[in-house]
Amino acid sequence: IEQRIAELNKLLHEYGHAYYVLDQPIVADSVYDQLLHELIALEEANPSLIYPDSPTQRVGGAVVEGFKKVTHDFPMLSLSNAFNEADLREFDRKVRQAIGDHFSYVCELKIDGLAISLKYENGVFVQGATRGDGVVGEDITTNLKTIRAIPLRLKEPITIEVRGEAYMPKKSFEALNAQRADNGEELFANPRNAAAGSLRQLDPKIAASRQLSTFIYAIGGDGEVYGIDGHAEMLDYLEELGFPSNKERQRCSTIEEVLAFIDKWTENRSNLAYEIDGIVIKVDRYAQQDELGYTAKSPRWAIAYKFPA
Ligand SMILES: COc1nc2nc(N)nc(N)c2nc1C
């Protein structure tokens, strides 16, 4: 029995990662479901053999009375905004004034969801929180556990805090609103509101039914601690650990390349499976980010270009 339970945990972890994190299923849903039901049955008969990170534990949480407050170990940043080419060129001018011309940007899609922080101790997911005011957020661990793209255990037993965007894919949003229309319920205005509403549910079973996902885009604290000296490299490392990160990121050497990336996604964003509200541009290397530093509330080494509303 122990051996079969261990094998099922391993298989379901691998299949789940491929499907929910890499978006590259390796078995049919029916196979996954069949194995999951076998594990549920074995765990019911042998509760002492339930692994804490078993996929059956994702929707285990009881209904909570409310969400307790959490002070982030590392404050969650906010990005300054750019609305047009002139803003972007001004940002680029300031960067070059501070660190010269030998650097590259990393451009990423700005997912239209809500910011979350995930804490792992020795590789195990222990706490998840909303951004709140950047310093104090709300503990929504039980709801975040229901997001299959969030690994319950990392590939390495490390202690790390990561930040990302929780979001509702367009298809899930359309299905949810169709169902609400049938039930005569009020519709959600957009996927962002639907995602926020889902993660504020006191009953994790409701959050689990909303098919949310996430992309991880940063860590809390100092990347050099992990022997990594740039953001692009950090995103690759986070993927190796088992986190989902958005693959549409691109290194750009000049603001012209950044503008081209923005044009490309201004055109193509309707083809994405999720909504984006802009493009985030970051200076890649940590040493150069440190040189640029921060204003009172946001980094000088990054900017968020917002699409026209
Ligand atoms: C470094 O800080 C940040 N990085 C980000 N990256 C992406 N892709 N999207 C965001 N919304 C985002 N937000 C912040 C505060």
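Ligands are counted one by one from 1 in listed order, and the atoms in each one are counted from 1 as well.
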- Working to the nearest 0.5 Å, report the span between CG of D92 and OG1 of T254. 8.0 Å

- Could you tell me the residue and atom name of the protein heavy atom closest to atom 15 (C) of ligand 1, and the distance to it rounded to 0.1 Å? L77 O, 3.3 Å

- Query: Between E7 and R4, is there a salt bridge with N-O shorter than 4.0 Å?
  - Reply: yes

- Message: Give me the atom names and distance for the closest heavy-atom approach of E165 to I111.
- Response: OE2-O, 3.2 Å

- Query: To the nearest 0.1 Å, how far is atom 8 (N) of ligand 1 from its closest protein heavy atom, and which atom is that?
  - Reply: E108 OE1, 2.7 Å

- Ranked by distance from atom 2 (O) of ligand 1, the top protein heavy atom is L79 CD2, 3.9 Å

- Between K69 and E138, is there a side-chain N and carboxylate O pair less than 4.0 Å apart? yes

- Message: Heavy-atom contact check, 4.0 Å cutoff: does L109 meet ligand 1?
- Response: yes

- The closest protein heavy-atom partner of atom 1 (C) of ligand 1 is W301 CH2, 3.8 Å

- Task: Return yes if some donor-acceptor pair links the side-chain N/O of N177 with the main-chain N/O of F188 below 3.5 Å, else return no.
- Result: yes

- Protein heavy-atom partner closest to atom 6 (N) of ligand 1 - residue, atom, separation in Å: K282 NZ, 3.0 Å

